[in-house]
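As structure tokens, the structure follows; a few thoughts come after it.
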Amino acid sequence: MATGALPPCCGARPTVEIARRLLGAMVIRDLPEGRVAGRIVETEAYLQDDPACHGVRELPDGTMAHRQTARNAAMFGPPGCAYVYFTYGNHFMLNVVTQPAGMPEAVLIRALEPMEGLEIMLARRGVDNPRETTNGPGKLTRALGIGRELDGHDLAQPPLQIVLHDPIPEAEIVTTTRIGISRAIDYPWRFYVRGNHWVSRK
DNA sequence: AGAATGATCCTCT
DNA sequence: GAGGATCATTCTC
């Protein structure tokens, strides 16, 4: 059962809180083959005073400054929109912009539990194990056909929507450090649903 | 202009 | 668990 839309949640609460609140939310993607959907089971927060955040850079004196570029422009746009970027020559990453325009913070969607259209996701991924469809940020964008054209897309609208559902109980949320980054590696801003089969790594 | 980096994934061992 | 793939973007000269 849906319990809310992204805004006003996005744009009115701290990014770390939104990263936790997004656990359990449904990602709905309309593709030529049909609709696919999954619930979010793993997220990471990126903040504007965070050396690992694409929207800022650390100056020689140690302070943080905004740095808007063609790639990360969506981070500086309105909350509730997608920030999609390409990395490692192979993978798209899906983020939710969480703060008002000009404030570059976002939540990376790292894993989904498939809820609809599993056969489509298996086919797009070229695998036969359901767990391998969406248990990582690069995998889930391939399974859902998410690419550059959805950078800046309003996530309240088709063909890519995120709908909030009931919050995951605090006792079921595991808080830990982020994965695959080289800066600010000990910030505890990764969250996942305890025991969920689709979490990328424990 | 050239070099380095990267919010990853896959294929080995 | 380690290393390579692969290339757009960003940084440095």
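So you know, we letter chains A, B, ... as the sequences are listed, proteins then strands, and number each from 1. Just so it is clear, the values below take in all heavy atoms, side chains as well, and ignore hydrogens, waters and symmetry mates.
Here A/R148 lies in heavy-atom contact (under 4.0 Å) with sugar-phosphate atoms only. A/R125 comes within 4.0 angstrom of sugar-phosphate atoms only, judged by non-hydrogen atoms across all strands, and of no base. Using a 4.0 Å heavy-atom criterion, one finds that A/G138 contacts the sugar-phosphate atoms exclusively. Counting any heavy atom pair closer than 4.0 Å across all strands shown, A/R71 reaches sugar-phosphate atoms only and no base atom. Residue-level contact check: A/F86 touches the backbone only, with heavy atoms under 4.0 Å from sugar-phosphate atoms and none from bases.
Residue A/Y83 contributes atom OH, which lies 9 Å from atom P of B/dA7 at whole-angstrom precision. Atom CZ in A/R57 sits roughly 18 Å away from atom C1' in B/dG6 (whole-Å rounding). Look at OH on A/Y88: it is 6 Å from P on B/dA7, rounded to the nearest Å. Put simply, CZ on A/R67 is 7 Å from P on C/dT10, counting in whole angstrom units. Rounded to an integer number of Å, the gap from CD1 of A/I179 to P of B/dA7 is 13 Å. Rounded to an integer number of Å, the gap from NE2 of A/H91 to C1' of B/dG6 is 11 Å. With rounding to whole Å, A/I181 atom CD1 is found 9 Å from B/dT8 atom P. Taking atom CG of A/N72 as the reference point, atom P of C/dT10 lies 7 Å away to the nearest angstrom.
Once rounded to the nearest 0.5 Å, the distance linking OG1 of A/T87 with CZ of A/F92 reads 10.5 Å.
A donor-acceptor pair is defined here as one N or O able to donate and one able to accept, closer than 3.5 Å; such a pair exists between the side chain of A/T98 and the backbone of A/E105.
Salt bridge absent: A/R183 and A/E58 never bring a charged side-chain N and a carboxylate O closer than 4.0 Å. Salt bridge A/R201/A/E42: absent, no basic N to carboxylate O contact under 4.0 Å.
Of the candidate nucleotides B/dG6, B/dT8, C/dC11, B/dG6 has the atom nearest to the side chain of A/R183. Which of B/dT8, C/dC11, B/dC10 sits closest to the side chain of A/E132 comes down to B/dC10.
When the side-chain nitrogen and oxygen atoms of A/T69 are compared with OP1 and OP2 of C/dT10, one or more of them lie within a distance under 4.0 Å. For A/R190 and B/dA7, the shortest distance from a side-chain N or O to OP1 or OP2 is not below 4.0 Å. Phosphate contact (OP1/OP2 of B/dG6, side-chain N/O of A/S182, threshold under 4.0 Å): present.
Comparing the C1' positions of C/dT9 and B/dC10 gives an interatomic distance of 23 Å, to the nearest angstrom. Taking the P atoms as reference points, B/dA7 lies 16 Å from C/dT12, given to the whole Å. Comparing C/dT6 with B/dT13, their C1' atoms sit 23 Å apart, to the nearest whole Å.
Counting non-hydrogen atoms of neighbouring residues, nucleotides and ligands closer than 6.0 angstrom, the CZ atom of A/R57 reaches no more than 12 such neighbours.
Between the side-chain ring of A/Y46 and the base of B/dA7, a stacking contact exists by the 5.5 Å and 30° definition.
A donor and an acceptor atom, one from each side chain of A/Q48 and A/H66, are located under 3.5 Å apart.
Nucleotide B/dT5 forms a pair with C/dA8, judged by Watson-Crick or G-U wobble geometry with both contacts under 3.5 Å.
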